[in-house]
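Notes for the one structure printed next.
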Amino acid sequence: MKINSSLFYSLLAIPILIGGCSDKYPSSEGKTPPYILKTECKFAIVEELSRSSISSPKAKGLPDTWVSASISLGDASITVSNCEVIENTEHLPIYED
């Protein structure tokens, strides 16, 4: 049986495309601190015995208006805006619950 080569390569690409549809951030389950935990639009710097949290502010008013907020815990500091981490001084991994 002869298989059309373009069909063959298209079928090979299906698992790659399906695998690419995962969430942006992996789960925090079983991860060792320090890390950043994202829950909806709330972010927390998680350390062994402490946690510092902030909610991402939402801008109202003029289009293309951005509002940001920052928190720090120990040496780590993050800035969030529009439900995203835009600065991560210690390059901590980001996980989601």
* **salt bridge (charged side-chain N to carboxylate O under 4.0 Å, His left out) involving Glu87 - partner list, sequence neighbours excluded** => none
* Asked: Which pairs count as salt bridge (charged side-chain N to carboxylate O under 4.0 Å, His left out) when at least one residue sits in residues 40-54, sequence neighbours excluded?
  -> none
* Can you check ring-ring contact (aromatic ring centres under 6.0 Å, His included) on Tyr35 and Tyr95, steps first, answer last? -> CA-CA 7 Å; Tyr35 59 83; Tyr95 301 107; 5.3 Å; yes
* Name all residues meeting the side-chain contact (heavy atoms from CB on, under 4.5 Å) criterion together with Ile71; count only those two or more places apart in sequence or in a different chain, and write none if there are none. => Ile45, Ser52, Ile54, Ile78
* Fellow cluster residues of Val67, listed by chain then number, with links counted only when side-chain atoms sit under 4.5 Å apart -> none
* Please collect all disulfide (SG to SG under 2.5 Å) contacts where either partner lies in residues 64-93, sequence neighbours excluded, each pair once. => Cys41-Cys83
* Using the test side chain to side chain donor-acceptor pair (under 3.5 Å), find all partners of Ser70 that sit at least two apart in sequence or belong to another chain. => Thr79
* **Qualifying salt bridge (charged side-chain N to carboxylate O under 4.0 Å, His left out) pairs, either residue in residues 67-78, two or more places apart** => none
* Excluding sequence neighbours, so at least two apart, what forms side-chain contact (heavy atoms from CB on, under 4.5 Å) with Asp97? -> Ser28, Leu37, Thr39
* Pairs where residues 42-63 contributes a residue and the test ring pair (Phe, Tyr, Trp, His ring centres under 6.0 Å) is met, not counting sequence neighbours -> none
* Asked: In Å and rounded to the nearest 0.5 Å, what is the OG to CD distance from Ser72 to Glu90?
  -> 11.0 Å
* At what distance, to the nearest 0.5 angstrom, does CD1 of Ile36 lie from CD of Glu96? -> 12.5 Å
* Structure fact -> The complete set of disulfide (SG to SG under 2.5 Å) pairs with one or both residues in residues 51-81, sequence neighbours excluded, reads none
* CD1/Ile94 to CD/Glu84 distance, rounded to the nearest 0.5 angstrom? -> 8.0 Å
* Asked: Is there a path of hydrophobic side-chain contacts, each under 4.5 Å between heavy atoms of I, L, V, M, F, W or Y residues, that connects Val80 with Leu92?
  -> yes
* Does Ser81 have any side chain to side chain donor-acceptor pair (under 3.5 Å) partners at least two apart in sequence or in another chain, and if so, which? -> none
* Structure fact -> Connected to Ile86, directly or through other members, by ILVMFWY side-chain contacts below 4.5 Å are none
